[in-house]
Amino acid sequence: MFRTVVGMTRTVRRRARRPLKLAIEQPPVEMAPLQDRWRASYEAAVNFFNSVKLAIVLILAIAMASIVGTIFPQGDPSVIVNSQMSDFAKRFFLAIDAYNVYYSPWFLTLLALMFTNLAVGTKKRVIPLLRGYLRPMNEMGLEAMQRLPERHEIDGASVAAAAQVLRKHRYTVRETPHGLVAFKGLFGRFAAIITHIGLFNILIAGLCAGFFGFKGQIPIFPGQDIAIHDAAMAAHQRGALMVDHRTWSVRLDKFWIEFFDPKHIKQFYSTLTILDRHQRPILTRTIYVNEPLLYDGVWIYQAFWGVGFVNIKVGNQAMRLEMNDASQFNLTGFLSKQVTIGGKNYFLLDDETTNPSYPIKVISLDTFRPVAQLDAGDTQVINGVPVTYVSPVLYSGLQEKDDPAIPIMFIGFAVLILGAGLAGFSHRQIWLRDEDGKVVLAGKAHKAQFAFSKEMVAMATQMRGR
Amino acid sequence: MILVHPYTYYENLLVTGVVWALIASFVVFLGQLVLKRPRLKYLGMAGMGVGLALTIGALVVRTISSGHPPLSNLFESMVFLVFALFVAYFVAEILFKPPVFGLVAAPLIFVWIGLASILPPRLRAQAPLVPALQSYWLKIHVSLMLLSYGAFMISFAGAVLYLATYYYRERTMRLAASTAGELITAAAAVGAGGGTASEPGGASPAARQSLDHQLELYDELTYRMILFGFPVLALGIICGGVWANHAWGTYWSWDPKETWALITWLIYGAYLHMRVTRDWRGQKAAIMATIGFISVLITYLGVNYLAQGLHTYGSLL
């Protein structure tokens, strides 16, 4: 097909050269062949991306875009919708996905541009440059050496003695016809490319994580068991492709909290049992924060907890009231739905979540003031009715996660650190030329010119001394 | 209930000692500049050394009395930051021997130890570690971050001195040009790094050459500090991610503090790229280093005002 296109355009060009014989004279139409125009556009794009200044602009653009994501709470547009801003401002911020910056099309486009810039720059500049530095150094003429930033005249010094001084300073020295060449710290040149490879690695791992894994948070009550397959299905991330084939489930046997003192929690513990598809226990382990459980590629973490129910007795009637997270009402702790005691309406609030007696406040729905506070086991009379707070029912919050891209991500981290760490090494190159008794020592450093100056002065002094 | 430990008395003594050591050092450095006595610099450095020793003392006392590394609340991290700042200051002094570095570094460190000493008890009180912080990762992640902040803040001092010298040089050049009336001569003299042109008033060629030398020195100081801080910050962020993965199953959750640490890293990345670009070295890079410092401030303190996310240990609200 390609050859046909080329053949066709050759025909077009031939026809253009032979003018058409028409009644009206028309100038021939010259059009550049299609693939030449594509090549021109491609080259223009490459030239655009092959720029360190563009890299700086894109890095700063991503930084500023990230700032937007720290100003607006992420994940929930309702904060913007319910805010005090003007209608126009609200529509603007919703349109630019200010509540979901890091997965928005424009942020991802910025990332794509940065990585394209990185790829193009690496191929066009870095690789040729590095190939040059890997070749052996050539000696320079005296005129060329005059243009180096560091120059010292050390007439009278012998080349062999100079080589010794250089080797003592950990230079790799190679004798040349007119003197010698020396270098050290060559791996400092590779710092940038290794860092960039690490960045690419992290990007790819991040993309894989979004597609090949699941992550979900599950509140679980003692005695309850949850099939991991259901958790994975419910926790499907944006674009998750893998369907979970696991058949086992996790059961919470016991959840408890240890305290340093009534205001400070020491640790949360959950005893979990893994059950196979026939409900037979496979293993039992107690997890706590910073000590997760790994089974069949799934990590289970102690992530959160809560008061799920409170058992109370109103008069003679035993009730089990469901408690929900109070943060939706800008309160801390957990609160219940409406409960009628002695004809009036109240709701229960536990806002002292670090108190081991899990006290509940009984708050009137008419006045929104607490009328009583009960510790577990207490009985009080409210509106003539004896109310007993029997016990709270706590649930444990587990985070379940399977992320097959983690090894790749961690390798990316290691490569990034290696590259960034190498950045401190300065590639120093030294030429020494002995021309009829006139000995010139000259060199340049890739970074840290000051330190190199000092080293050159010290070495020149040592060489003169011999 | 706020635990008031008997060690608090010694802690207060040590922190106050650091404050006074810094004030004394600053006065000595001022004397070095105003009285033109370069020898006073060593006395100033001795004062800073006393400050460093007292800071280490405060950290040790805190560790003994609380039973865990001094990195779990704002006060402890600030004292550790002061320690990192002292270390970075001494590294800068010894490697580069800048003429009046203590004059900028001492007030900078003073601000931080002063702030630490006036923190409300809520942010200073020793409390047992919450479950999430009960991990050996605490020592690694937090200390790396604070070390990098120390390096970046000292690099900011270098950038400030660079810009001050730069604008001073511009001003003296302009003064010389207006008095002599020959801009070309002045520019040529600067370009040659000390030519033979003589101008009445303004900067003599020798002084201008030393100004250029100073500019280079501050530029290199800023650069080397950032070159050290950059991988340390990267390692700190990565350790934070590895720890978060171990504790919560997520190595990155775009939490404001995490994101601002990344923003700081990006800004210093932009700085490092600027040094490779011909037109954007020097003054523009120094300004980027200043922007980076502001980002460090926001990362360390500013996000605590937002009071959301996983890092709300030092909420200032």
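Note that this is a predicted model, so its numbers are computed, not measured. In what follows, chains carry the letters A, B, and so on, assigned in the order in which the sequence lines appear, proteins first and then strands, with residues in each chain numbered from 1.
For A:Met409, the part lying under 4.5 angstrom from a heavy atom of chain B is the side chain only. Heavy-atom distances place no part of A:Ala192 under 4.5 Å from chain B, backbone and side chain included. Heavy atoms closer than 4.5 Å to chain B are found in the side chain of A:Gln399, but not in its backbone. Heavy atoms of A:Leu60 lying under 4.5 Å from chain B belong exclusively to its side chain. Contacts of B:Glu220 with chain A are made by side-chain atoms alone, with heavy-atom separations under 4.5 Å and no backbone atom involved. Neither the backbone nor the side chain of B:Ile298 comes within contact range of chain A; no heavy atoms are under 4.5 Å apart. A:Phe260 touches chain B through its side chain: at least one heavy atom from C-beta onward sits under 4.5 Å away, while N, CA, C and O do not. The part of B:Trp265 that comes within reach of chain A is its side chain, from C-beta onward, which places non-hydrogen atoms under 4.5 angstrom from that chain. Proximity to chain B is limited to the side chain of A:Phe410, based on heavy atoms less than 4.5 angstrom apart. Proximity to chain A (any heavy atom under 4.5 Å) is shown, for B:Phe228, by neither the backbone nor the side chain.
The line from CG of B:Leu95 to NZ of A:Lys454 is 6.5 Å long, rounded to the nearest 0.5 Å. Note that the CD atom of A:Gln449 and the CD atom of B:Glu216 stand 7.5 Å from one another [nearest 0.5 Å]. To the nearest 0.5 Å, the span separating CD1 on A:Ile71 from OG1 on B:Thr259 amounts to 11.5 Å. Atom CD1 of A:Ile56 and atom CG of B:Leu266 lie 13.0 Å apart (nearest 0.5 Å).
Of the listed residues (B:Ala270, B:Ser135, B:Gly249), the greatest number of heavy-atom pairs within a distance under 4.5 Å of chain A belongs to B:Gly249. The candidate from B:Tyr251, B:Phe230, B:Trp137, B:Trp252 with the greatest count of non-hydrogen atom pairs under 4.5 Å with chain A is B:Tyr251. Between chain A and the residues B:Thr250, B:Ile267, B:Val232, the most heavy-atom pairs under 4.5 angstrom are made by B:Thr250. Here B:Asn245 is the residue among B:Thr277, B:Leu272, B:Asn245 with the most heavy-atom pairs under 4.5 Å with chain A. Across A:Ile265, A:Leu416, A:Ile67, the residue that shares the most heavy-atom pairs under 4.5 angstrom with chain B is A:Ile67. Ranking B:Ile291, B:Val276, B:Leu217, B:Ile237 against chain A, the residue ahead of the rest is B:Leu217, based on heavy-atom pairs under 4.5 Å. Highest contact tally toward chain A, considering only B:Leu129, B:Thr264, B:Leu262, B:Val242, is held by B:Val242 [criterion: heavy-atom pairs under 4.5 Å].
Of all heavy-atom pairs between B:Pro231 and A:Gly421, the closest is CB-N, 3.9 Å. Nearest heavy-atom pair, A:Phe268 versus B:Pro131, reported as atom, atom and distance to 0.1 Å: CE1-CG, 3.7 Å. Pairing each heavy atom of B:His246 with each of A:Tyr301, the nearest pair is O-CE2, 3.2 Å.
Ring-centre distance between A:Tyr102 and B:Trp254: below the 6.0 Å cut-off.
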Stepwise, does the side-chain contact (heavy atoms from CB on, under 4.5 Å) test hold for A:Lys447 with B:Leu227? CA-CA 10 Å; A:Lys447 290 180 189 157; B:Leu227 206 57; 4.2 Å; yes

Test side-chain contact (heavy atoms from CB on, under 4.5 Å) on B:Trp248 and A:Lys401 and set out the steps. CA-CA 9 Å; B:Trp248 295 297; A:Lys401 175 200 85 158; over 6 Å; no

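Side-chain atoms of B:Trp243 and A:Asn290 form a donor-acceptor pair, as typed in the model, at a separation below 3.5 Å.
In this structure, A:Lys53 places its NZ atom where more than 12 heavy-atom neighbours from other residues, nucleotides or ligands lie under 6.0 Å away. No more than 12 heavy-atom neighbours from other residues, nucleotides or ligands sit within 6.0 angstrom of OH on A:Tyr288.
A donor-acceptor pair is defined here as one N or O able to donate and one able to accept, closer than 3.5 Å; such a pair exists between the side chain of B:Gln134 and the backbone of A:Lys266.
When the heavy atoms of residues 291-300 of chain A are compared with those of chain B, the residues falling under 4.5 Å are A:Pro292, listed by number.
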